[in-house]
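Keep in mind it's a predicted model, so treat the numbers as computed, not measured. As a basis for the values below, the full set of heavy atoms in this structure was taken, side chains included, without hydrogen atoms, waters or symmetry mates.
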Amino acid sequence: MEELIAYLARSLVDRPDEVSVGLEQREDAIVYRLRVAADDRGKVIGKQGRIARSLRTVVRAGGIRSGQRMLLEIVE
């Protein structure tokens, strides 16, 4: 899933080399933390958060398929 998130984010931003995805285990979920360059954050979020919502939907769907709760956070 980390590779998929990174691939999708790299295709959206101007500086793909600054994209990184971290993993955080919580008691109830797996949280993927997406970091991009400050200039590219708006491109990953999209107008009214549409792209971010779509990315989160992909992550949640992957979690359902694997039987785990997965979340995506876009961090600064």
Side-chain angles (χ1 to χ4, degrees):
M1 184 60 69
E2 289 178 61
E3 295 155 6
L4 176 62
I5 296 168
Y7 173 77
L8 293 172
R10 284 187 190 112
S11 66
L12 295 169
V13 298
D14 289 333
R15 292 193 263 173
D17 54 319
E18 293 189 32
V19 172
S20 67
V21 180
L23 177 69
E24 179 183 330
Q25 285 280 102
R26 293 188 185 164
E27 292 178 14
D28 61 338
I30 297 172
V31 180
Y32 293 99
R33 300 173 62 88
L34 174 62
R35 293 186 196 284
V36 296
D39 316 3
D40 292 331
R41 198 168 304 123
K43 292 178 183 166
V44 172
I45 295 172
K47 289 185 182 181
Q48 298 180 352
R50 289 182 183 154
I51 295 174
R53 195 173 321 123
S54 299
L55 289 171
R56 289 184 176 119
T57 300
V58 168
V59 170
R60 265 188 255 122
I64 290 171
R65 186 170 190 153
S66 68
Q68 298 176 339
R69 184 168 180 234
M70 294 183 182
L71 305 171
L72 175 67
E73 292 181 357
I74 300 170
V75 294
E76 296 181 23

Next item on the list: Side-chain contact test, heavy atoms from C-beta onward, threshold under 4.5 Å: evaluate it for R33 versus V21 and give yes or no.
Entry: no
Next item on the list: Answer whether the closest heavy-atom distance between the side chains of I45 and I51 falls below 4.5 Å.
Entry: no
Item checked: Inter-residue atom distance E24.CD - E73.CD, 0.5 Å rounding -> 6.5 Å
Notebook entry, point to check: Which heavy atom of R60 sits nearest a heavy atom of M70, and at what distance?
Noted result: CG-O, 3.5 Å
Next item on the list: Taking D40 for its side chain and R15 for its backbone only, find out whether a donor-acceptor pair lies under 3.5 Å.
Entry: yes
Notebook entry, point to check: Which one of L72, V31, I30 satisfies the side-chain contact (heavy atoms from CB on, under 4.5 Å) criterion with V59?
Noted result: L72
Note to self: Hydrophobic clustering (ILVMFWY, side-chain heavy atoms < 4.5 Å, transitive) - are L71 and L4 grouped together?
What the structure shows: no
Check: side chain to side chain contact (heavy atoms under 4.5 Å, CB included) with R10: which residues, sequence neighbours excluded?
Finding: A6, P16, V19
Item checked: Atom pair CG/CE of L23 and M1 - distance to nearest 0.5 Å -> 11.0 Å
Next item on the list: List the steps and the verdict of side chain to side chain contact (heavy atoms under 4.5 Å, CB included) for D39 and D14.
Entry: CA-CA 8 Å; D39 316 3; D14 289 333; over 6 Å; no
Checklist line | Closest non-hydrogen atom pair, D28 against R69 | finding: OD2-NH1, 3.0 Å
Margin query: As an exercise, state the distance from CG of L55 to CD1 of I5, rounded to the nearest 0.5 Å.
Written below: 8.0 Å
Checklist line | Shortest non-hydrogen separation from R41 to I74 and the atoms involved | finding: CG-CG2, 4.4 Å
